[in-house]
2 protein chains.
Amino acid sequence: MQDRLIETAIDCFGRRGFDGASTRDIARASGTAMSSITYHFGGKEGLYLACAEHIAAKISERHAAALELTADASAIDRETAIERCLAIIDGFAQTMLHPDSENWARFIVREQQAPTEAFERLYLGAMKNLMEGVAALLHVVRPALPERERRALMMLIFGQALVLRAGRASVCKALGTEELGEAEAALLRAQIRTNTIAILSGGTT
Amino acid sequence: MQDRLIETAIDCFGRRGFDGASTRDIARASGTAMSSITYHFGGKEGLYLACAEHIAAKISERHAAALELTADASAIDRETAIERCLAIIDGFAQTMLHPDSENWARFIVREQQAPTEAFERLYLGAMKNLMEGVAALLHVVRPALPERERRALMMLIFGQALVLRAGRASVCKALGTEELGEAEAALLRAQIRTNTIAILSGGTT
DNA sequence: GTCTATACTACGATAGAC
DNA sequence: GTCTATCGTAGTATAGAC
């Protein structure tokens with residue numbers, strides 16, 4: 001029942017936010033009583049944190065393959081490093097485009113707006129490793145760029161994929177579509193790849 | 001008192017979201033009675049929509065100069081069009097970085113996650129003109145690129161600036177800082193400019 | 001136009017039966 | 001481990017005084 005509650009809660013919290021979602025709704029949708037939440041998680045906040053950890057685990061799982069691409073960064077050449085960066089960014093973009101990711105992606109975007117303890121768990125459990133891995137890859141791609149500039153560069157590249165979720169409504173307006181389907185997804189992913197190549201292939205200095 | 005309520009409400013809604021903010025709090029912080037909200041706006045939702053329109057007006061004002069840059073797009077050369085795009089993106093990035101923009105930026109990001117009537121008003125009142133203007137500029141920069149690809153390209157460029165607000169917590173983690181101060185802002189804006197030049201200077205075909 | 005008082009609903013937490 | 005019942009609090013809305 002704990003798992004069932006967490007699954008339902010991620011959906012509710014993702015849709016309506018922490019305050020918008022009610023424990024009664026979550027319990028009802030899970031087919032149990034509200035007091036189960038108190039019993040299993042100690043309360044609404046405990047359930048929320050459990051959701052954050054569950055999401056972190058899911059992301060880690062999904063990005064396990066990507067994470068392997070960041071191993072031995074110092075032992076590969078520039079071409080390979082660029083190719084791996086492109087693969088990781090594309091994976092991230094796919095996640096941002098995937099309907100299944102909608103609820104927990106919204107969960108994370110909300111947390112970024114007003115970080116709580118939950119963000120810390122998301123960061124440590126899922127994001128930190130990936131970000132540090134990409135930073136190491138970029139060190140190979142742009143060895144002469146100062147560390148801070150390189151990290152800024154990294155976040156801006158991620159921003160291209162993030163906008164697909166965080167700015168979804170605007171992206172749809174721009175493309176003149178109601179939602180991002182297969183065709184739009186392919187187009188956006190290809191464009192991200194093109195842009196990222198342009199950004200990374202630039203100054204080798 | 002209407003203005004006072006709207007100012008306070010934008011702050012509250014930005015911080016805690018629609019459900020998280022309470023009309024009692026908003027009224028108290030505005031130094032008036034809760035029933036004033038009903039009187040002036042018909043209820044919580046009416047106040048929320050009034051906030052959206054107020055924000056749209058503020059943005060329009062702030063981006064008025066940028067909008068002028070998009071005029072006569074068909075009559076300028078490629079170099080000029082690129083320069084204007086860079087100026088507009090930089091202005092947008094500054095907005096995303098500016099502390100004053102924090103609350104209404106959060107307001108908008110929230111709306112994008114789960115668009116309501118308020119997003120429609122924000123889009124029509126503030127975003128549409130700017131986006132269409134930039135699209136026209138990009139038509140000069142990349143005349144051979146298909147329309148849909150060009151619009152995708154535009155949103156991805158905006159994504160670089162959006163991440164500064166929507167992914168703020170992660171950007172801070174990546175840069176190893178608690179908040180984005182003057183130094184970080186300058187660094188990020190410069191990097192966005194560099195990246196955008198790389199993206200736009202690419203295929204002239 | 002603004003405030004007070006109040007009605008009604010829904011929330012989260014908790015105690016106790018099973 | 002799960003449910004029912006209930007408490008106190010806080011939410012929006014509304015009627016009516018000033």
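Note on naming: letters A, B, ... go to the chains in the order of the sequence lines (proteins, then strands), and numbering restarts at 1 for each one.
- When the P atom of C:dA13 is taken as reference, atom NZ of A:Lys44 falls 8 Å away, rounded to whole Å.
- Distance B:Met34 CE to D:dG11 P: 10 Å, rounded to the nearest Å.
- Atom CD of A:Glu147 is surrounded by more than 12 heavy atoms from other residues, nucleotides or ligands within 6.0 Å.
- Going from atom CG of B:Asp19 over to atom C1' of C:dT9 covers 15 Å, rounded to whole Å.
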Identify each donor-acceptor pair in which a side-chain atom of residues 125-138 of chain B lies under 3.5 Å from a protein atom, sequence neighbours left out, and give them as a table.
unit_1, atom_1, unit_2, atom_2, d
B:Glu132, OE1, B:Arg151, NH2, 2.8

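- Using a 4.0 Å heavy-atom distance criterion, A:Met1 is classed as a sugar-phosphate-only contact.
- In the interface, the side chain of A:Ser35 is paired with the base of D:dC3 through a donor and an acceptor atom under 3.5 Å apart.
- Counting any heavy atom pair closer than 4.0 Å across all strands shown, A:Thr38 reaches a base atom.
- Side chains of B:Leu162 and A:Leu162 form no contact here, defined as non-hydrogen atoms less than 4.5 Å apart.
- Picking from D:dT12, C:dC3, D:dC3 the nucleotide with the shortest atom distance to the side chain of B:Ser22 gives D:dT12.
- In this structure, the OH atom of A:Tyr48 is 17 Å from the C1' atom of C:dG12, given to the nearest Å.
- OP1 or OP2 of D:dC3 sits under 4.0 Å from a side-chain N or O of A:Thr32.
- If you find the closest nucleotide of DNA chain C to B:Arg24 and to B:Gln2, the one lying nearer the 5' end belongs to B:Gln2.
- In this structure, the CD1 atom of B:Ile37 is 9 Å from the P atom of D:dA13, given to the nearest Å.
- One interatomic measurement links the two molecules: CZ of A:Phe41 to P of C:dA13, which rounds to 13 Å at whole-angstrom precision.
- Atom P of nucleotide D:dG1 and atom CG of A:Leu5 are separated by 14 Å, given to the nearest angstrom.
- Panel note: side chain A:Arg165, backbone A:Ala105; no donor-acceptor pair is recorded below 3.5 Å.
- Considering only the side chain of B:Ser36, C:dC3 comes nearest among D:dG11, C:dA13, C:dC3.
- The CZ-C1' distance, from B:Phe18 to D:dT12, rounds to 10 Å in whole Å.
- Comparing atom distances between the A:His40 side chain and each of C:dG12, D:dG1, D:dC3 picks out D:dG1 as nearest.
- The side chain of B:Tyr39 contributes an N or O atom lying less than 4.0 Å from OP1 or OP2 of C:dG1.
- Note on A:Ala27: nothing from the nucleic acid sits closer than 4.0 angstrom, heavy atoms only.
- By the 6.0 Å contact criterion, NE2 on A:His40 is enclosed, its count of non-hydrogen atoms from other residues, nucleotides or ligands being greater than 12.
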